[in-house]
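In what follows, every heavy atom counts, from backbone to side chain, and hydrogens, waters and symmetry copies are set aside.
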Amino acid sequence: MSKTARAVSQLSCLAALALASCLGTALAQQSSDAAQRLRTQRSALDAQLQHNAFKSPLVLVSTETPQGLRGDMYALMDFPFATISSALQDPQQWCEVLILHLNTKYCHVVDGAQASLLNVNIGSKTPQTLSQSSRVALAYTVSATQTDYFEVQLNAPDGPMGTSDYHIALEAVALPANQTFLHLTYAYSANLAARMAMQVYLGTVGSDKVGFTVLGELPDGQPIWIDGVRAVVERNTMRYYLAINSYLATSQQPPAQRFEASLQNWFSASERFPQQLHEVERPAYLEMKRAEHLRQQTAQ
């Protein structure tokens, strides 16, 4: 190699290193900005975290737009950031979380072209074969990871039962006193057929279902809960949050006992809100989930 060619090669290497360094610095700055943004959000929600209908440090916000439905759960958690970060930056562990949800029938991680994929089947609140449920392939990505902040995203262009732009995101930031502030997002769009099917559901078996947003108060002091499609997205957002919390709460259990403990924890937590979340009795839930967990140990 000539001196000139060698010099050009060295300059190219230096330029590549400089670009990588700049990109690394930019990503670190973005994560730092995101961590500060989430801490600011926690401060802004302080009053709601202390005083709410959940009697826990939780805030649940739902929105409906022409683009779709979205639920956001904010939670102040008594788990060290390191515990949450290590538990929820692994796609295999996410399957252990998602299967706790009443409507998740199966979850198995496979290698995708650009990211890990979670093949998830979503269906009814009763036992089903996989052919009776809907498959969604969620691309799993760790969007940011720092010593005090991380973000994980699960996305699919096509969702179950006529939905699209299926999106689950989780971000968390470390707080003093071994606490962590967590933000969970659950969102999707729905086509016309899905919207019509939802209206049929809301007009029949789902007519008495409510969410968690309080719209007012009855003469006897009882809350008036939101209903309709926003109530649907609120119930599912809460179920996903309870799955995350139950998985973390049982993380110190012996491996052979952990899944059973997380099932019991999830069901007990959901029964705190019977008007919104009660669907089946505990024995039926446990039997169904044990079978579904066993089924998801192999690719199907």
Side-chain angles (χ1 to χ4, degrees), residues 52-60 71-79 83-84 86-88 90-109 118 120-128 133 136 138 152 154 160 168-170 172 180 182-186 209-212 231-297:
N52 54 68
F54 305 116
K55 298 181 181 178
S56 295
L58 302 174
V59 174
L60 177 56
D72 288 281
M73 175 69 82
Y74 300 91
L76 184 61
M77 307 188 80
D78 288 324
F79 298 109
T83 299
I84 296 178
S86 63
L88 297 175
D90 179 349
Q92 297 284 358
Q93 290 173 298
W94 269 94
C95 276
E96 296 297 301
V97 171
L98 295 178
I99 197 64
L100 301 177
H101 190 301
L102 197 60
N103 295 101
T104 303
K105 317 312 291 179
Y106 174 84
C107 179
H108 194 85
V109 180
L118 276 66
V120 179
N121 282 61
I122 297 175
S124 71
K125 302 173 180 68
T126 55
Q128 287 181 309
S133 59
V136 54
L138 292 165
V152 170
L154 294 90
I168 297 173
L170 177 75
T180 302
L182 180 147
H183 172 209
L184 170 69
T185 299
Y186 165 66
K209 301 294 185 182
V210 296
F212 294 93
V232 173
V233 79
E234 287 187 5
R235 292 196 298 273
N236 269 326
T237 304
M238 176 61 83
R239 287 186 174 113
Y240 281 122
Y241 165 74
L242 294 179
I244 291 168
N245 189 69
S246 295
Y247 182 76
L248 294 169
T250 56
S251 62
Q252 301 306 310
Q253 293 283 337
Q257 301 172 21
R258 181 172 182 176
F259 178 66
E260 185 68 23
S262 65
L263 288 181
Q264 298 284 359
N265 189 294
W266 188 93
F267 191 86
S268 295
S270 68
E271 287 297 287
R272 291 177 50 211
F273 313 106
Q275 190 170 357
Q276 289 87 359
L277 300 184
H278 181 78
E279 299 287 350
V280 299
E281 300 305 319
R282 185 186 296 265
Y285 170 78
L286 295 176
E287 181 180 1
M288 178 176 69
K289 287 298 164 185
R290 288 166 186 154
E292 290 169 353
H293 187 254
L294 181 62
R295 178 169 61 186
Q296 78 176 23
Q297 302 310 307

Any side-chain to backbone donor/acceptor pair from [X] onto [Y]? Under 3.5 Å, distance only.
{"X": "K289", "Y": "I99", "value": "yes"}
{"X": "N52", "Y": "S56", "value": "yes"}
{"X": "S262", "Y": "S246", "value": "no"}
{"X": "Q296", "Y": "C107", "value": "yes"}

If you compare all heavy atoms of [X] against all heavy atoms of [Y], which two are closest, and at what distance to 0.1 Å?
{"X": "V210", "Y": "R235", "value": "O-NH1, 3.1 Å"}
{"X": "H183", "Y": "D72", "value": "NE2-OD1, 2.7 Å"}
{"X": "F267", "Y": "R282", "value": "CZ-N, 3.2 Å"}
{"X": "Q128", "Y": "S133", "value": "OE1-CB, 3.9 Å"}
{"X": "G71", "Y": "T237", "value": "CA-OG1, 3.5 Å"}
{"X": "S86", "Y": "Q93", "value": "O-OE1, 3.2 Å"}

- Heavy-atom neighbours of Q252 CD exceed 12 at 6.0 Å: no

- Message: Would you say that more than 12 heavy atoms from the other residues, nucleotides or ligands in this model lie under 6.0 Å from the CD of E287, or not?
- Response: no

Do the rings of [X] and [Y] sit parallel, tilted or perpendicular, given the 30° and 60° boundaries?
{"X": "F259", "Y": "H293", "answer": "parallel"}
{"X": "W266", "Y": "Y285", "answer": "parallel"}
{"X": "F54", "Y": "F212", "answer": "tilted"}

Nearest 0.5 Å please: distance from the [atom1] atom of [X] over to the [atom2] atom of [Y].
{"X": "L88", "Y": "E96", "atom1": "CG", "atom2": "CD", "value": "12.0 Å"}
{"X": "L58", "Y": "N245", "atom1": "CG", "atom2": "CG", "value": "8.0 Å"}
{"X": "R295", "Y": "K105", "atom1": "CZ", "atom2": "NZ", "value": "7.0 Å"}
{"X": "T250", "Y": "N265", "atom1": "OG1", "atom2": "CG", "value": "6.0 Å"}
{"X": "L277", "Y": "S270", "atom1": "CG", "atom2": "OG", "value": "6.0 Å"}
{"X": "M77", "Y": "T83", "atom1": "CE", "atom2": "OG1", "value": "11.0 Å"}

- Message: Which residue is it: Y106, W94, Y247, Y240? I am looking for the one with a ring pair (Phe, Tyr, Trp, His ring centres under 6.0 Å) to H101.
- Response: Y240

- Sub-4.5 Å side-chain heavy-atom contact between V59 and M73: no

- Item | Ionic contact status for R239 with E279, cut-off 4.0 Å | yes

- Yes or no on side chain to side chain contact (heavy atoms under 4.5 Å, CB included) for M288 and K125, after CA distance, side-chain angles and deciding distance? CA-CA 9 Å; M288 178 176 69; K125 302 173 180 68; 5.7 Å; no

